[in-house]
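As structure tokens, the structure follows; a few thoughts come after it.
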Amino acid sequence: MEVEFITLGDAADRLEVPASTLRNWTDQLEQFEVHYVKRNNRNERIYYDDDLQIFKFIQDLKDEHGRRTTMKDIAAMLRDMRDRFNLRDEEDAPVPKPSNKTGDLLNADDVQRLLDNQRVRTLFSYMIGETTKQIRNDLLEEFQQQLASERELLKETLREEVRKELLENQNKLETKLQGIQEEQEKRDKELNEELKRRDAESLKRLKELMEQRKKEAEEQKNKGFFSRLFGG
């Protein structure tokens with residue numbers, strides 16, 4: 001026989017989240033008056049496929065965005081997605097009225113005798129201890145999941161900051177290298193101009209020296225000619 005619904009614990013196992021987390025999500029959706037989960041005669045929440053689809057959507061958002069996505073934001077998002085999800089109003093999920101069967105079976109004296117019984121007190125202590133342990137484990141698991149999510153978010157943030165810093169340093173280095181290259185080109189141009197100027201001056205001085213030597217040679221030649229002519 002196929003069962004239409006499952007309990008909170010089974011729903012948590014199917015979604016792979018702690019039962020306390022699913023209970024907290026359910027409470028907050030009802031607090032924001034977005035979606036109500038039905039209850040059985042024992043006032044225990046029961047989950048249908050429509051409910052699982054809604055909480056799977058919440059789980060995916062939480063896994064992707066972590067604590068940055070609050071239940072208040074998700075509730076507002078779900079209000080605008082009624083065409084996608086079968087959201088249930090409060091009147092569609094009434095809280096069952098408490099049964100008087102237990103009161104008919106046990107009167108005040110019976111209850112007091114049970115509380116005075118050592119075995120009952122031991123059983124209650126055990127049950128309370130196990131429940132407390134389970135709640136502690138669920139809270140620890142949820143905290144570890146949130147911590148892992150925050151750690152990944154921090155790593156991604158640090159990687160982005162390092163990438164930006166490297167890019168800025170690269171841009172600064174390229175700008176500095178460009179300035180050095182422009183300065184070097186300017187110095188090379190000034191040096192070439194200075195070499196051209198000096199070459200021109202050296203060539204001019206060489207021509208002047210050659211003209212002077214030529215003139216002196218002519219004067220020396222003429223002097224020797226006149227000496228021979230006049231017997232000097």
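Annotation: Arg198, atom CZ; neighbour count of heavy atoms from other residues, nucleotides and ligands within 6.0 Å does not exceed 12. Residue Glu185 places its CD atom among more than 12 non-hydrogen atoms of other residues, nucleotides or ligands, all under 6.0 Å distant. Enclosure of atom CZ in Arg159 by more than 12 non-hydrogen atoms of other residues, nucleotides or ligands within 6.0 angstrom is indicated. Around atom CZ of Arg39, more than 12 heavy atoms belonging to other residues, nucleotides or ligands sit under 6.0 Å away. Counted within 6.0 Å of CD on Glu91, heavy atoms from surrounding residues, nucleotides or ligands total more than 12; the atom is thus considered enclosed. Taking a 6.0 Å sphere around CZ of Arg205, one finds it holds 12 or fewer heavy atoms contributed by other residues, nucleotides or ligands.
Across all their heavy atoms, Trp25 and Gln59 have their closest contact at CH2-CA, 3.8 Å. For the pair Leu61 and Thr69, the tightest heavy-atom approach, listed with the atom from each and the gap, is O-OG1, 4.2 Å.
Only one option out of Glu193, Arg187, Lys186 pairs with Lys189 in a side chain to side chain contact (heavy atoms under 4.5 Å, CB included); it is Glu193. Residue Leu22 forms a side chain to side chain contact (heavy atoms under 4.5 Å, CB included) with just one option from Val37, Val17, Ile58, Asp13, and that option is Val17.
Side chain of Asn137 to backbone of Lys133: a donor-acceptor contact under 3.5 angstrom is found. Although no hydrogens or angles enter the test, the distance criterion places no donor-acceptor pair under 3.5 Å between the side chain of Lys38 and the main chain of Tyr47.
Hydrophobic clustering (side-chain heavy atoms under 4.5 Å, transitive across Ile, Leu, Val, Met, Phe, Trp, Tyr) keeps Phe55 apart from Tyr36.
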Trace of the salt bridge (Lys or Arg N to Asp or Glu O under 4.0 Å) decision for Asp51 with Arg45: CA-CA 11 Å; Asp51 300 310; Arg45 288 191 175 100; over 6 Å; no

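Annotation: side chain to side chain donor-acceptor pair (under 3.5 Å) contacts involving residues 71-80, sequence neighbours excluded, comprise Thr70-Asp73.
Checked against ring-ring contact (aromatic ring centres under 6.0 Å, His included), Tyr48 has the following partners two or more places apart in sequence or in another chain: Phe5.
Under the 4.5 angstrom side-chain criterion for Ile, Leu, Val, Met, Phe, Trp and Tyr, the cluster partners of Leu195 are Leu191.
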